[in-house]
Amino acid sequence: MQHRFRLTRSTDFKRVRNYGKSFAHPLLVLVSLITTDETSRVGVTAGRTLGGAVQRNRAKRLLREVMRPELLSIKPGRDLMLIARQPLLKAEFDELKKAVTGLLRRADLYKD
RNA sequence: CAGGCUGGUUGGGUGGUCGCGGCCCCGUGUUGCGGGGUCGAGGAAAGUCCGCACUCCAGAGAGCACGGCGUCGGAUAAUACCCGGGGCGGGGAAAUUUCUCUCUUUUUUGAGAGAAGUGAACCUGCCGGACAGGGCCACAGAAAACAGGUAGCCCCUCAGCCUAUGGGUUGGGAGGUGAUAGUGAAAAGGUGGUGUAAGAGACCACCGGUGUCCGUAGUAAUACGGGCGGCCUGGUAACCCCCGCCGGGAGCAAGGUCAAGCAGGGACGAAGUGGUCUGCGGACCAUCGGGAGGCAGCUCGUCUCCUUAUGCGCUUUCUGUUUAGAAAGCCAGUCCCGGGUAGGCUGCUCGAGCGGCGCGGCGACGCGCCAGCCAGAUAGAUGACCGCCCAAGCGCCUCGGCGCUGGACAGAAUGCGGCUUAUAGACCGGCCUGAGGC
RNA sequence: CGGGGCGUGGCUCAGACCGGUAGAGCGCACGGUUCGGGUCCGUGAGGCCCCCGGUUCAAAUCCGGGCGCCCCGA
């Protein structure tokens with residue numbers, strides 16, 4: 001995922017977390033916030049409950065890899081946040097992909 | 001061959017498609033985008049237990065306090081922790097010796113179990129001082145540290161009883177003793193003898209320990225042998241302490257630099273003189289004054305640059321018939337200033353580095369030569385999917401294949417050395433013991 | 001990067017500085033009191049003192065190392 005489509009600042013994460021709408025799934029949580037920007041951006045987090053640095057990095061890489069092709073078909077001006085949950089580490093890639101696309105549809109983020 | 005122990009190396013490989021970060025090159029519509037090339041996690045990157053480099057702060061020197069360390073030699077940039085020794089312990093297989101028990105055999109014997117001893121390689125813990133001083137040593141025990149008595153033993157003495165007049169016995173008192181028994185983790189060298197009323201290093205022999213001197217080996221700690229002396233002083237300093245040595249503090253979120261916003265400070269003068277050009281708005285040059293900077297810090301001098309912008313704003317005071325003007329303050333604006341938050345850049349990876357070869361050393365490590373440059377991210381780059389192969393586990397049978405599962409611990413964040421902890425396996429050695437063969 | 005604290009019966013904590021007997025409250029079990037329950041009274045079970053080494057005659061305590069949890073500073 002290209003760097004300009006990423007959430008990078010701590011304040012951005014706080015803003016999305018505080019004012020965004022959240023959608024839950026056993027594998028992950030999606031948080032969405034409407035902004036005035038042209039582009040949509042995505043941030044990825046994995047808390048300490050997932051395990052050590054290896055597990056947390058792997059969770060974030062999987063989430064980024066899943067989001068990469070979906071980014072083109074998402075409505076502009078959205079800041080998204082994906083929060084990993086513990087069962088994500090044992091899930092298959094296709095399973096995770098299905099979960100993410102399902103959440104994006106529920107949040108009504110796809111272009112018409 | 002069997003068993004035990006131990007050192008080192010490695011930490012899945014390969015190909016395809018898509019994707020991410022750094023650097024270089026090219027193109028372009030140049031804060032960006034596209035294409036190509038190249039590089040891109042570890043042996044522990046981890047824990048942060050030590051030691052350095054580096055940076056900032058503080059600092060004349062010395063001492064005190066506090067903390068750490070403490071056998072010898074070596075290695076190192078440095079280290080209580082690395083390497084090689086020394087001393088005192090602990091663990092350690094096969095084998096074997098002795099004893100006891102059980103079974104067995106006509107006997108010789110054989111087998112098993114248990115206890116004690118000897119016992120390799122190797123692994124592992126500790127290491128100044130207890131005659132400088134203080135504190136503590138529960139329970140038990142007579143006594144726990146300038147030893148000690150209501151057990152026992154012995155002598156003396158007093159009283160009672162018995163008596164064959166030698167004495168015996170019971171109880172009390174004054175002493176001696178530290179041998180015996182018992183307690184305890186520990187009872188003030190051990191064994192044997194002399195000696196004595198009973199005893200005791202009181203004395204003797206041997207042994208053990210300690211101090212000191214000499215010799216041999218060793219750089220040394222120390223070991224071995226011999227002489228002499230006292231025959232000798234419990235443990236605890238990972239309790240205080242004493243002696244010797246070492247230590248300034250903080251840490252890459254160090255530090256440097258650029259710098260929004262907000263807040264703070266300052267200025268918003270005089271509008272001179274001479275000249276040139278002019279499209280009459282003004283512009284430029286020189287000069288006076290003012291300001292900023294450079295010429296090593298100061299003065300002088302000199303050089304360079306700048307010298308503008310206010311508001312039909314508000315309040316008060318003064319002048320004035322009014323329009324208006326002046327001064328002070330406030331507000332807004334513009335410009336400048338220093339400090340500096342968010343944030344950016346830097347520090348940031350060429351280094352006590354890594355690899356190969358050779359030499360020296362038992363080793364830690366050192367020296368020389370060669371070849372190359374080998375991660376620098378910052379919500380933090382190494383990922384996803386697929387094929388084949390090599391190991392591993394499970395199942396099946398025709399014992400060699402087939403099918404399934406499917407990679408251990410774990411992710412750089414300034415760098416390096418050591419330590420500690422986690423770790424599926426694979427490969428290559430070394431040492432010791434036992435059995436057999438030549 | 002640096003600093004601090006905690007771990008002891010089922011739960012909340014003492015004991016640790018200065019080593020020798022592990023204790024309190026709540027809870028639990030049994031008995032009594034009551035017609036029965038609660039309250040109250042009495043009795044007493046339950047601990048490898050987080051783990052591994054070391055010092056010591058002796059370690060929950062002293063000294064190393066490890067594990068887990070919590071907190072703080074730049």
Side-chain angles (χ1 to χ4, degrees):
Chain A
M1 199 190 302
Q2 287 179 3
H3 194 255
R4 62 192 166 123
F5 299 124
R6 303 280 309 286
L7 280 182
T8 55
R9 289 163 183 271
S10 198
T11 50
D12 290 339
F13 275 86
K14 277 179 191 158
R15 204 184 58 246
V16 174
R17 197 83 175 86
N18 286 334
Y19 301 111
K21 281 192 75 172
S22 66
F23 304 88
H25 186 273
L27 297 181
L28 75 156
V29 177
L30 169 72
V31 185
S32 165
L33 182 67
I34 300 176
T35 65
T36 55
D37 276 5
E38 300 268 317
T39 57
S40 285
R41 297 182 300 170
V42 179
V44 167
T45 63
R48 274 207 306 185
T49 49
L50 266 81
V54 173
Q55 285 76 30
R56 300 204 288 146
N57 274 332
R58 169 146 185 86
K60 292 200 277 186
R61 283 166 185 159
L62 284 175
L63 287 175
R64 284 204 301 266
E65 182 62 23
V66 167
M67 271 311 285
R68 187 169 57 82
E70 304 299 323
L71 207 57
L72 296 171
S73 47
I74 282 188
K75 288 180 181 174
R78 308 295 164 113
D79 278 357
L80 306 181
M81 203 171 145
L82 301 177
I83 303 166
R85 286 181 159 179
Q86 203 164 16
L88 185 143
L89 293 169
K90 288 170 193 157
E92 293 288 319
F93 185 75
D94 293 339
E95 215 177 312
L96 182 61
K97 198 172 180 63
K98 227 179 281 177
V100 169
T101 52
L103 279 177
L104 289 173
R105 203 166 295 123
R106 271 176 56 197
D108 192 28
L109 288 169
Y110 283 115
K111 292 176 185 168
D112 299 326

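Below, read A as the first sequence line, B as the second, and so on, with proteins coming before strands; counting in each chain starts at 1.
- Between atom CE of residue Met67(A) and atom OG1 of residue Thr101(A) there is a gap of 10.5 Å, rounded to the nearest 0.5 Å.
- Atom CG of Asn57(A) and atom P of rU378(B) are 14 Å apart (whole Å).
- Annotation: of the two residues near RNA chain B, Asp94(A) and Arg6(A), the 5′-most nearest-nucleotide partner is Arg6(A).
- In this structure, rG411(B) forms no base pair with any nucleotide, since neither Watson-Crick nor G-U wobble geometry is met with both distances under 3.5 Å.
- Applying the 90° cutoff around 0 to the glycosidic angle, rG301(B) is assigned anti.
- Glycosidic conformation, rG43(B): syn, with the torsion inside 90° of 0.
- Nucleotides of RNA chain B nearest to Arg68(A) and Phe93(A) differ in position, and the one nearer the 5' end is that of Arg68(A).
- Residue Gln55(A) comes nearest to Leu50(A) through the heavy atom pair CB-O, 3.8 Å, listed as atom of the first residue, atom of the second, then distance.
- Note: NZ (Lys60(A)) to C1' (rA377(B)) measures 12 Å, nearest angstrom.
- Distance alone, capped at 3.5 Å, is enough to place a donor-acceptor pair between the Ser40(A) side chain and the Lys75(A) backbone.
- Here rA410(B) presents its C1' atom at 16 Å from CG of Leu50(A), a figure rounded to the nearest Å.
- Base orientation of rA41(B): syn (glycosidic angle within 90° of 0).
- Pairing partner, rA185(B): none, since no Watson-Crick or wobble contact has both distances short of 3.5 Å.
- Distance Leu96(A) CG to rG383(B) P: 17 Å, rounded to the nearest Å.
- Base pairing analysis places rG395(B) opposite rC402(B); the two distances defining the Watson-Crick or G-U wobble pair are each below 3.5 Å.
- Taking CG of Leu80(A) as the reference point, atom CG of Leu104(A) lies at 7.0 Å (rounded to 0.5 Å).
- Between the P atom of rA412(B) and the CZ atom of Arg56(A) lies a distance of 10 Å, rounded to the nearest Å.
- Distance, Leu62(A) CG to rC20(B) P: 17 Å, rounded to whole Å.
- Nucleotides rC28(C) and rG66(C) place their P atoms 42 Å apart, quoted to the nearest Å.
- A glycosidic torsion no more than 90° from 0 defines the syn conformation, and rG281(B) adopts it.
- Comparing atom distances between the Glu65(A) side chain and each of rA384(B), rA412(B), rA41(B) picks out rA384(B) as nearest.
- Taking the P atom of each, rA426(B) and rA375(B) are spaced 32 Å apart, rounded to whole Å.
- The interatomic distance linking Glu92(A) (CD) with rU405(B) (C1') rounds to 13 Å, in whole Å.
- Without hydrogens or angle criteria, Arg61(A) side chain to Arg56(A) main chain gives no donor-acceptor distance under 3.5 Å.
- Across all strands shown, rG366(B) forms a Watson-Crick or G-U wobble pair, both distances under 3.5 Å, with rC359(B).
- Taking atom P in both rA58(B) and rG340(B), the straight-line distance is 15 Å, to the nearest Å.
- Salt-bridge check for Lys97(A) with Asp94(A): failed, with every basic side-chain N at 4.0 Å or more from each acidic carboxylate O.
- An anti orientation is assigned to rG42(B), its glycosidic angle lying beyond 90° of 0.
- Across all strands shown, rG7(B) forms a Watson-Crick or G-U wobble pair, both distances under 3.5 Å, with rC428(B).
- Across all strands shown, the partner of rU17(B) is rA384(B), judged by Watson-Crick or G-U wobble contacts whose two distances both fall under 3.5 Å.
- The base-pairing partner of rA223(B), taking Watson-Crick or G-U wobble contacts with both distances under 3.5 Å, is rU216(B).
- The C1' atoms of rA377(B) and rU421(B) are separated by 28 Å, rounded to the nearest whole Å.
- rU299(B) is unpaired under the Watson-Crick or G-U wobble criterion, no partner having all donor-acceptor distances under 3.5 Å.
- Spacing of P atoms, rA16(C) relative to rU33(C), comes out at 43 Å, to the nearest Å.
- Between the C1' atom of rA384(B) and the CG atom of Leu88(A) lies a distance of 14 Å, rounded to the nearest Å.
- Rounded to the nearest Å, the gap between the C1' atom of rC231(B) and that of rU124(B) is 39 Å.
- One P atom belongs to rG226(B), the other to rG208(B), and the distance between them is 10 Å to the nearest Å.
- Residue Arg64(A) has its side chain nearest to rA381(B) when only rA410(B), rA384(B), rA381(B) are considered.
- As rounded to the nearest Å, rG129(B) and rC243(B) have P atoms that lie 16 Å from one another.
- A salt bridge does not link Glu95(A) with Lys98(A): none of the charged nitrogens is closer than 4.0 Å to a carboxylate oxygen.
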